[in-house]
Amino acid sequence: MSTSEESTSAALVDVATFNAFIATDLPFCTTMGIKAESVGDGWGQLRWTYDANYTRPPDFVCGPIMMALADAALYLALFSVVGLEPNALTNELKTNFLRPARGQDLIATAKIIKMGRRVVYGTVDVCEANDLTRVISQSTGSYVRPDE
């Protein structure tokens, strides 16, 4: 998966649609500097643009940013398989912080692992943009889909 603005045709939502959705319905993502970069069937990738206002001493990216990024990435991955479903809610999110992130953009790649009728489970790896093989934090989470 690359970090350019692209979509795989099998995804039920594209990058432009998701970015427009978060701009209007999730403005905190825009404020934090989170935007979609790519999406495919069962996965999504977001970028957080580095902002020193979201660091803690000495200059580490704060954990809440990584968790928000992971949560939003899982939301995108969910939309890739069910379409735009704004009423889906985070059911659970667990994050392990593996090493500090410092001074650059972060990339979160979410993958759907299991699609249940109501609960969708996935994983998210967050990496610094300059090395997508070096995981900074890893999250597991689930979303609950609304009743049909």
Side-chain angles (χ1 to χ4, degrees), residues 1-8 10-56 60-116 118-132 134-146:
M1 288 171 254
S2 74
T3 60
S4 62
E5 285 203 16
E6 62 183 46
S7 298
T8 302
L12 296 181
V13 68
D14 61 32
V15 169
T17 301
F18 186 78
N19 283 335
F21 167 74
I22 63 175
T24 59
D25 291 67
L26 304 174
F28 63 88
C29 285
T30 303
T31 300
M32 284 192 264
I34 294 172
K35 68 176 184 174
E37 292 233 321
S38 54
V39 62
D41 185 23
W43 64 270
Q45 194 170 67
L46 300 183
R47 176 181 293 265
W48 172 73
T49 302
Y50 179 80
D51 182 340
N53 289 313
Y54 295 104
T55 61
R56 58 176 299 260
F60 299 145
V61 175
C62 68
I65 285 292
M66 289 184 266
M67 292 182 79
L69 182 61
D71 189 32
L74 196 52
Y75 206 31
L76 173 58
L78 168 67
F79 288 178
S80 81
V81 293
V82 301
L84 198 62
E85 200 170 83
N87 291 333
L89 296 171
T90 305
N91 183 53
E92 173 266 337
L93 183 68
K94 179 185 185 316
T95 300
N96 292 305
F97 300 100
L98 306 175
R99 56 184 54 89
R102 302 176 91 162
Q104 62 181 287
D105 293 3
L106 299 179
I107 303 294
T109 304
K111 297 175 189 165
I112 299 299
I113 303 299
K114 183 176 187 315
M115 279 290 302
R118 295 262 343 263
V119 178
V120 179
Y121 178 82
T123 62
V124 185
D125 287 346
V126 175
C127 302
E128 290 178 334
N130 72 340
D131 186 354
L132 298 181
R134 188 171 185 254
V135 179
I136 301 300
S137 69
Q138 191 166 59
S139 299
T140 57
S142 60
Y143 265 80
V144 176
R145 298 179 62 203

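- Relative orientation of the F18 and Y75 rings is perpendicular, given thresholds of 30° and 60° on the angle between their planes.
- Counting only distance, with no hydrogens or angles, the side chain of S80 and the backbone of G40 share a donor-acceptor pair below 3.5 Å.
- Two residues are said to be in side-chain contact when any heavy atoms from C-beta on lie closer than 4.5 Å; M115 and R145 meet this criterion.
- Between A72 and C29, the closest heavy-atom pair is CB-SG, 4.3 Å.
- Between S139 and V126 there is no side-chain heavy-atom pair separated by less than 4.5 Å.
- Here the CZ-OG distance, from R47 to S38, works out to 10.0 Å after rounding to the nearest 0.5 Å.
- Distance alone, capped at 3.5 Å, is enough to place a donor-acceptor pair between the W48 side chain and the M32 backbone.
- Side chain of R99 to backbone of V135: a donor-acceptor contact under 3.5 angstrom is found.
- Annotation for T55 and A52: closest pair OG1-O, 2.8 Å, computed over non-hydrogen atoms.
- Between V13 and L76 there is a side-chain heavy-atom pair separated by less than 4.5 Å.
- Between T30 and A23 the shortest heavy-atom distance is OG1-CA, 3.6 Å.
- Here the side chains of D41 and V81 are in contact, with some heavy-atom distance below 4.5 Å.
- Taking OG1 of T31 as the start and CG of N53 as the end, the distance is 12.0 Å to the nearest 0.5 Å.
- Here the rule is side-chain contact (heavy atoms from CB on, under 4.5 Å) with V124, and of L46, D71, L69, L74 only L74 fits it.
- In this structure the side chain of Y143 never reaches within 4.5 angstrom of the side chain of N91, judged on heavy atoms.
- Taken from CE in M66 to CG in N96, the straight-line distance is 11.5 Å, to the nearest 0.5 Å.
- Counting only heavy atoms from C-beta outward, the side chains of L106 and T49 never approach each other to under 4.5 Å.
- P64 has its side chain out of reach of Y54: every pair of non-hydrogen atoms, C-beta onward, lies at least 4.5 Å apart.
- Residue S142 forms a side-chain contact (heavy atoms from CB on, under 4.5 Å) with just one option from V119, I113, L93, V120, and that option is V119.
- In this structure, the side chain of N19 does not engage the main chain of K35 through any donor-acceptor pair within 3.5 Å.
- Rounding to the nearest 0.5 Å gives a distance of 4.5 Å between CG of L26 and CZ of F21.
- Using a 4.5 Å heavy-atom threshold, the side chains of E128 and I136 count as touching.
- Residues A129 and Q104 share a closest heavy-atom pair of N-OE1, 3.6 Å.
- Smallest separation of non-hydrogen atoms from G44 and A77: N-CB, 3.9 Å.
- For the atom pair CG (D105) and CD (E37), the distance works out to 8.0 Å, reported to the nearest 0.5 Å.
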